[in-house]
Amino acid sequence: MPDVPDRPEIVCLCGSARFADEMAAANRDLTLAGAIVVAPGVFARSEHDAAGVPTDAQKAALGVLHLRKIDLADRVLVVNPGGYVGESTTREIAHARATGKPVSFTHPVAESDPS
């Protein structure tokens, strides 16, 4: 009898808020494939967003919360159209790697990016 996991794989999505649509698509695809997906829950980037712009304190708290989501995950998928990986995502990748989480990317990483 083959090994059957007692729970589905948990995948944490990381990436820039500018890729909210692409993250939603990755979330949908992974969920339909049977994974549990944890991802950023707030994408407000400007005063034109319905929820408004998070305060600096809220952004800091969300950053810490996202690191805890990485801790829960079996692996990390970085959503990076065009190879873009920003500063926050770079920190998240470093955290994932420091805790032994496998990290993969939806697109090749831009050559100028140290990730």
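The chain is numbered in sequence order, starting from 1. Since the model is a prediction, treat every value here as computed from it, not as a measurement.
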Report task. Check the hydrophobic clustering (I, L, V, M, F, W, Y; side-chain heavy atoms under 4.5 Å; chains of links allowed) and say if Ile70 and Phe105 are grouped together. Result -> yes

Give a yes or no on whether Leu30 and Val38 share a hydrophobic cluster (residues Ile, Leu, Val, Met, Phe, Trp, Tyr; joining criterion: side-chain heavy atoms under 4.5 Å apart). no

How would you list, by chain and number, every residue that makes a side chain to side chain donor-acceptor pair (under 3.5 Å) with Thr55, sequence neighbours excluded?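 Listed in chain order: Gln58.
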
Shortest non-hydrogen separation from [X] to [Y] and the atoms involved:
X      : Y     : value
His107 : Gly83 : CB-N, 4.2 Å
Val76  : Cys14 : CG1-SG, 3.7 Å
Ser104 : Arg75 : OG-NH1, 3.7 Å
Gly34  : Pro8  : O-CB, 3.1 Å
His66  : Pro40 : CE1-CD, 3.6 Å
Lys101 : Asp74 : CD-O, 4.2 Å

Can you check whether [X] reaches [Y] side chain to side chain, under 4.5 Å on heavy atoms?
X     : Y     : answer
Glu92 : Leu67 : yes
Phe19 : Leu13 : no
Val53 : Lys59 : yes

Which hydrophobic side chains are connected to Leu32, either touching it within the sub-4.5 Å cutoff or through other members that do?
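Leu32 shares its hydrophobic cluster with no other residue.
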
Can you measure from [atom1] ([X]) to [atom2] ([Y]) and round to the nearest 0.5 angstrom?
X     : Y     : atom1 : atom2 : answer
Asn27 : Leu77 : CG    : CG    : 10.5 Å
Thr31 : Ile36 : OG1   : CD1   : 9.5 Å
Lys69 : Leu62 : NZ    : CG    : 8.0 Å
Ser16 : Glu87 : OG    : CD    : 11.5 Å

| said: Pairing donors with acceptors under 3.5 angstrom, does anything connect the side chains of Ser88 and Arg91? | reply: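 Yes, side-chain donor-acceptor contact under 3.5 Å.
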
Under a 3.5 Å distance rule, please check whether Asn80 uses its side chain to pair with a backbone N or O of Thr106 as donor and acceptor.
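It does hold such a pair.
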
Next item on the list: May I ask you to decide if Val85's main-chain N or O and Thr89's side chain share a donor-acceptor pair within less than 3.5 Å?
Entry: no

